[in-house]
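Read through the structure below, which is laid out as structure tokens, and then see the notes.
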Amino acid sequence: MPTASEAQLRNLLDSITTRLQRGDAVDPLIRQADEEQSDVEDIFELIQSLHASLTPMNPDQEYAENLRANLLEGRPGVAGRVRQMPARLSVAAILALVAGCLLLMLRRIFGSETAPDVPEEAVATPL
């Protein structure tokens, strides 16, 4: 669990990073931090150099379309995934499918209705 000073440092670094990304001035925060903690200046230089070197990039449309096509091309469909299954598993899946269809067919042929309502008078009662 972070201590109070670690949480303050984390919040300070977060606000410095946010201000740098927005293009706002960060000098007041650094002056305030220097009074409280001495190592903030070094960390600020690191944040500033990272901000300068890691600029956000947006790929062009052609690159994005090629990447999407390549990713989807490598993804097998249902038939491809079934072909990749081991033979024993394929046989077991086919047998389970046939058994399920057979049970459904038998249920429809012989009916699966609930038991007919028996009148109360017809039920034997103990003496």
Side-chain angles (χ1 to χ4, degrees):
M1 189 166 193
T3 62
S5 63
E6 289 175 353
Q8 284 177 335
L9 179 63
R10 188 174 297 147
N11 290 338
L12 176 69
L13 294 175
D14 184 46
S15 38
I16 288 174
T17 305
T18 304
R19 283 188 175 204
L20 267 176
Q21 288 174 342
R22 286 189 302 204
D24 297 342
V26 291
D27 294 332
L29 285 175
I30 292 177
R31 275 188 243 119
Q32 176 189 357
D34 280 340
E35 295 170 2
E36 298 171 3
Q37 296 167 337
S38 60
D39 57 344
V40 173
E41 184 69 34
D42 297 333
I43 296 174
F44 170 69
E45 289 175 13
L46 176 65
I47 292 172
Q48 206 169 20
S49 64
L50 284 173
H51 178 70
S53 64
L54 299 176
T55 56
M57 300 286 291
N58 292 326
D60 61 343
Q61 190 67 24
E62 182 182 351
Y63 174 77
E65 289 172 2
N66 285 340
L67 179 62
R68 185 180 190 318
N70 288 341
L71 289 173
L72 291 178
E73 182 180 299
R75 186 175 173 189
V78 174
R81 284 182 277 182
V82 168
R83 278 190 227 114
Q84 292 173 354
M85 288 179 9
R88 288 185 294 191
L89 186 60
S90 298
V91 170
I94 290 170
L95 288 176
L97 181 64
V98 169
C101 290
L102 183 64
L103 283 175
L104 285 174
M105 218 168 46
L106 289 175
R107 190 173 182 183
R108 285 188 180 222
I109 291 172
F110 294 112
S112 64
E113 299 171 6
T114 58
D117 291 334
V118 178
E120 195 171 323
E121 297 85 32
V123 177
T125 55
L127 296 174

With sequence neighbours left out, what residues match E62 under side chain to side chain contact (heavy atoms under 4.5 Å, CB included)?
->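 So E62 forms a side chain to side chain contact (heavy atoms under 4.5 Å, CB included) with D60, N66.
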Taking only residues two or more places apart in sequence, or in another chain, which ones meet L67 in a side chain to side chain contact (heavy atoms under 4.5 Å, CB included)?
-> Y63, L71
Go through the structure and list residues passing salt bridge (Lys or Arg N to Asp or Glu O under 4.0 Å) with R68, not counting sequence neighbours.
->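 In terms of salt bridge (Lys or Arg N to Asp or Glu O under 4.0 Å), with neighbours along the sequence ignored, R68 is linked to no residue.
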Sequence neighbours excluded and cut-off under 3.5 Å, please list the side-chain donor-acceptor pairs for residues 84-103, or say none.
| from | atom 1 | to | atom 2 | distance (Å) |
| --- | --- | --- | --- | --- |
| S90 | OG | P86 | O | 3.2 |

